[in-house]
There are 2 protein chains.
Amino acid sequence: MSTIEDVAKLAGLSRTTVSRVLNDHPYVSDEKKKLVQQAMEQLGFVPNSAARSLRNQKTGIIAVLIPKISTSFFSQLLDVLEMKASDKGYQLIICQTQYSKQKEKNYLNLLKTRQVDGVIMTSFENEWSVIDSYLQYGPIVLCNEYVEDAHIPMVYINQAKTGYMIAKHLLERGHTQMAYCSNGIVSEGMAARIHGFKSALSEVGLYLHEKLYFEKASTYEDGKNVFAQILKMQVKPTAIFTGSDLVAAGIISEARTADWRLPGDLAVVGYDNMEIAKLLEPMVTTVVLPVEEMATKAMDVMYEKIHNKHYRSLEKHEFLSKLALRESTIYRRNLVATS
Amino acid sequence: MSTIEDVAKLAGLSRTTVSRVLNDHPYVSDEKKKLVQQAMEQLGFVPNSAARSLRNQKTGIIAVLIPKISTSFFSQLLDVLEMKASDKGYQLIICQTQYSKQKEKNYLNLLKTRQVDGVIMTSFENEWSVIDSYLQYGPIVLCNEYVEDAHIPMVYINQAKTGYMIAKHLLERGHTQMAYCSNGIVSEGMAARIHGFKSALSEVGLYLHEKLYFEKASTYEDGKNVFAQILKMQVKPTAIFTGSDLVAAGIISEARTADWRLPGDLAVVGYDNMEIAKLLEPMVTTVVLPVEEMATKAMDVMYEKIHNKHYRSLEKHEFLSKLALRESTIYRRNLVATS
DNA sequence: ATGAAAGCGCTAACAA
DNA sequence: TTGTTAGCGCTTTCAT
């Protein structure tokens, strides 16, 4: 492994000059530059990054905290984050928190030990005050979360508008009796989503019936359960927001078994635009999340924070979901553009 | 940011002693040890990892090269790899090659610049000779690939046995006319798989009809196409291996539209055990890959290579796929255990 | 059991 | 335009 010193010797110059060539500094004559480059070539020289990190006090690495990589949404997010980081010349260290407070803290320590220049959190487990204390060591950017009392850049989806949009769509399709599935997670986003949903209803004098609110559904099995419950009801909903494409799949599966027509007897709206949404029959109208936009913004903001060094700046970067209209809410013959 | 020097001063000791405490060296009296620990506590001292890396010539980081993170299989693999790395005290840098030779080389450079202690490749694009040249800088372990002329540890699936198992299962179900979908990727593994498939057939005097071999099917749409072709055939297959659950989904969707009974008119075997395999109707019999086992082994081997420093050792770590038996090849009433 | 000092490879302030 | 030198923070001989 050759060092800058070796290159300097071979080129008959000083380490400084070599370093200057390496960093594209001005004030190096073309002649010497050539000499240095030849020497580098000949030795197969590559700068040692630990030495650079130590000297420059920055690593070129960003940590991404994620609860579970193999979750469809998070793997998409990570995918884009990696591309954007790569574009900016950064490496990404992946940190799976597995929804554990301790793991989350362990990974935040990467900031303390200066192993990374910044941390992007796509979820969080600890109290905000705990996380806040790490800000003295470097920038933290929230991507896909919103916290009222955090004074840092936050990139997130306006869930109130998401909820509103869903309800509005169903209202336009003529539904008046709707059901709503939550996923059991209690967060500001989830609260905002249902609030938005309800406000669209109340605008037209409707409301969400208590029995039609399912508190905790996140899996295919949960979806089947939800339908079983619906089947037993006196007054049945004509439309349901499922909170997840998996739940939608469960509901659809049972509904078909029970010979319900979809969307005739029940219109279904999913969430996440997972692969299955397009594969089911009927194809599922679902909420499409602005994954790419959020990841891009998060990385841009992180880059800026790393360089301007003012970590505690409150920035709200809000993005909107879209609705992919498909057969589960609109009869095929009325569907102009499916996507 | 406090350094080891600060701690030493506060404790009234030397840097050496502090370092010894930090690294659990013997020959430190309990008394001084306590002193040092108190000082560390008081200053909130955390060792700087760049300095450690520089001094120790190792980073505690492993790079994982992956073509595309958001692919179901790779995200699962990455998930397990991260857990295993974490167990061993390593961080993972993720490198998305996007099937690009150049990107792959760029990321292999992390080894040259000593930014990582080793590289795990889950796929590769360049000629083996290119990759081989990086071995002088550190260990490379193949996880999910097999290359005949690579002299490094390889963790992979025995695809010949996978193919054999699939055909065997269909033979046992009484099929004699089978179709086979490849995904268009040309690799030793893919060749082995079809070879294994064919040899099970030839054992009982059967063979794979040329027209029933689909060269390139990897998406849901491809699956629909495949079925359309089958529909036009004179002699139709009674069973098909799809090479992917997505393709299986496409085939099933079209088959149902054409009012085929599944598995009565056509038995379908998928690959990958994706989420959809259990959600479709019928639930899809599919090949389950030993993701966890491969990831675990790859990380174990990497750990060992990093420490014993002999990188060019040919090691074949072979794993087997399993078949998850479901309704698409076995009538529900005959299904004892679905999974 | 403890400390002094050298040095990992690089960059930058300063001098020439 | 180029070189000398100090030092980033840590570990490890070697001496005591």
Side-chain angles (χ1 to χ4, degrees), chain A residues 1-40 43-61 109-117 137-138 309, chain B residues 1-37 39-40 43-61 109-117 137-138:
Chain A
M1 200 71 287
S2 55
T3 73
I4 223 176
E5 174 86 51
D6 303 328
V7 177
K9 269 194 194 129
L10 183 60
L13 293 164
S14 73
R15 293 187 331 235
T16 313
T17 308
V18 178
S19 173
R20 288 206 177 100
V21 172
L22 212 53
N23 296 285
D24 283 326
H25 272 290
Y27 308 130
V28 184
S29 66
D30 283 354
E31 179 201 0
K32 312 270 174 184
K33 194 172 198 168
K34 219 130 266 169
L35 237 47
V36 169
Q37 284 165 338
Q38 275 170 17
M40 284 182 174
L43 293 170
F45 169 81
V46 187
N48 177 307
S49 47
R52 283 188 142 174
S53 295
L54 180 57
R55 176 66 228 222
N56 297 334
Q57 305 283 27
K58 50 186 179 161
T59 63
I61 304 179
N109 264 322
L110 292 173
L111 214 48
K112 263 198 192 179
T113 64
R114 315 262 109 169
Q115 198 160 15
V116 301
D117 294 341
Y137 305 110
K309 300 187 176 201
Chain B
M1 199 72 288
S2 55
T3 75
I4 222 175
E5 174 86 51
D6 302 330
V7 177
K9 269 193 193 130
L10 183 61
L13 293 163
S14 75
R15 292 188 332 234
T16 313
T17 307
V18 177
S19 173
R20 287 207 178 98
V21 172
L22 213 51
N23 296 284
D24 282 326
H25 274 288
Y27 307 130
V28 184
S29 66
D30 284 355
E31 179 201 359
K32 313 271 174 182
K33 195 172 197 165
K34 219 130 269 168
L35 237 45
V36 170
Q37 284 166 336
M40 284 183 174
L43 293 170
F45 168 82
V46 187
N48 177 306
S49 45
R52 280 188 143 172
S53 296
L54 179 58
R55 177 66 227 222
N56 297 333
Q57 307 282 30
K58 48 185 183 165
T59 61
I61 305 180
N109 264 323
L110 292 173
L111 213 48
K112 265 199 190 176
T113 62
R114 316 261 107 168
Q115 198 160 15
V116 301
D117 294 341
Y137 307 110

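If you take CG of A/L13 and P of D/dT4, they are 11 Å apart, rounded to a whole angstrom. One atom, NZ of B/K58, and another, P of D/dT11, lie 11 Å apart when rounded to the nearest Å. Atom pair A/L35:CG and D/dT2:C1' shows a separation of 13 Å (rounding to whole Å applied). Protein atom NZ of B/K34 is 15 Å distant from nucleotide atom P of C/dA1, rounded to whole Å. Straight-line distance from the NZ atom of B/K9 to the P atom of D/dG9: 12 Å, rounded to whole Å.
A/N48 contributes a side-chain N or O that, together with a main-chain N or O of A/A51, makes up a donor-acceptor pair within less than 3.5 Å. In this structure, B/R114 contributes its side chain and A/M1 its backbone to no donor-acceptor pair below 3.5 Å.
Taking each heavy atom of A/L22 and A/P47 in turn, the nearest pair found is CD2-CB, 4.0 Å. Pairing each heavy atom of B/V7 with each of B/V36, the nearest pair is CG1-O, 4.0 Å.
The shortest distance between side-chain heavy atoms of A/I61 and A/D117 does not fall below 4.5 Å.
Partners of B/E5 under the side-chain hydrogen bond (donor to acceptor under 3.5 Å, both in side chains) rule, at least two apart in sequence or in another chain, are B/R15.
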Set out, line by line, the N/O atom pairs under 3.5 Å between protein and nucleotides 7-11 of chain C.
| unit_1 | atom_1 | unit_2 | atom_2 | d |
| --- | --- | --- | --- | --- |
| C/dG7 | N2 | B/R55 | NH1 | 3.1 |
| C/dC8 | O3' | B/Q57 | NE2 | 3.4 |
| C/dG9 | N2 | A/A51 | O | 3.4 |
| C/dC10 | OP1 | A/N48 | N | 3.0 |
| C/dC10 | OP2 | A/I4 | N | 2.4 |
| C/dC10 | N4 | A/R15 | NH2 | 3.3 |
| C/dT11 | OP1 | A/N23 | OD1 | 3.4 |
| C/dT11 | OP1 | A/N23 | ND2 | 3.2 |
| C/dT11 | OP1 | A/R52 | NE | 2.9 |
| C/dT11 | OP1 | A/R52 | NH2 | 3.4 |
| C/dT11 | OP2 | A/S19 | OG | 3.0 |
| C/dT11 | O2 | A/R55 | NH1 | 2.1 |
| C/dT11 | O4 | A/R15 | NH2 | 3.4 |

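Phosphate proximity of C/dT2 to B/K32: present, with a side-chain N or O under 4.0 Å from OP1 or OP2.
If one axis is set at each end of the helix from C/dA1-D/dT16 to C/dA16-D/dT1 from five pairs, those axes are 40° apart, to 10°.
Interatomic distance, B/T3 OG1 to B/L43 CG, rounded to the nearest 0.5 Å: 9.0 Å.
There is no side-chain donor-acceptor pair under 3.5 Å between A/T16 and A/S19.
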